[in-house]
Amino acid sequence: MPTPISIFSHFHFSFSQWGGRSLGYVLYRNAVALYFMVVIIYDGLSYVHGWKWFVFLTDWFYVVLTLQSLLLGFAVTFHYERAKRAAPG
């Protein structure tokens, strides 16, 4: 029986749980990015005071969260496409 320390090697932390080239993960990341973009545009346009929505600190955090999700969506899509082109067959 393996010891508990050998079960949790450094390999568990360096590989995605989604597997290798997973289209599901790409779709998930881009859906999250799209959701955040829709919410931020809707909130910015529907706020009573207009552009002042972007003044509040909690809304700045949401802008940063949206930028992060867009960056992750782009990065995952880029690496998925690059790996798909590099793989034989």
Side-chain angles (χ1 to χ4, degrees):
M1 182 170 169
T3 62
I5 294 175
S6 66
I7 294 173
F8 298 107
S9 67
H10 68 282
F11 293 113
H12 286 86
F13 297 106
S14 61
F15 292 107
S16 172
Q17 294 179 359
W18 289 80
R21 294 179 291 146
S22 175
L23 181 61
Y25 186 64
V26 172
L27 294 175
Y28 162 75
R29 274 290 168 201
N30 286 309
V32 168
L34 179 66
Y35 170 76
F36 282 130
M37 280 301 298
V38 168
V39 168
I40 203 168
I41 290 171
Y42 175 76
D43 283 348
L45 295 177
S46 68
Y47 189 65
V48 176
H49 301 290
W51 64 271
K52 291 183 181 179
W53 179 86
F54 296 102
V55 173
F56 301 109
L57 188 59
T58 54
D59 299 327
W60 281 37
F61 175 75
Y62 201 79
V63 169
V64 170
L65 183 64
T66 302
L67 292 174
Q68 185 256 357
S69 69
L70 288 171
L71 178 66
L72 286 176
F74 172 75
V76 167
T77 304
F78 175 77
H79 288 290
Y80 175 78
E81 290 297 323
R82 191 175 77 174
K84 190 168 69 170
R85 275 187 249 134

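Bear in mind that the values here come from a model prediction, so they are computed numbers and not experimental data.
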Please answer: with hydrophobic residues joined when any side-chain heavy atoms are less than 4.5 Å apart, are [X] and [Y] in the same cluster?
X: F36; Y: V39; result: yes
X: V26; Y: Y35; result: yes
X: L45; Y: I40; result: yes
X: L27; Y: F78; result: no
X: L65; Y: L71; result: no

What residue pairs, at least two apart or across chains, pass side-chain hydrogen bond (donor to acceptor under 3.5 Å, both in side chains) with a residue in residues 65-77? N30-T77
How long is the span from the [atom1] atom in [X] to the [atom2] atom in [Y], to the nearest 0.5 Å?
X: L72; Y: Y25; atom1: CG; atom2: OH; value: 6.5 Å
X: Y80; Y: R85; atom1: OH; atom2: CZ; value: 11.5 Å
X: R29; Y: L70; atom1: CZ; atom2: CG; value: 11.0 Å

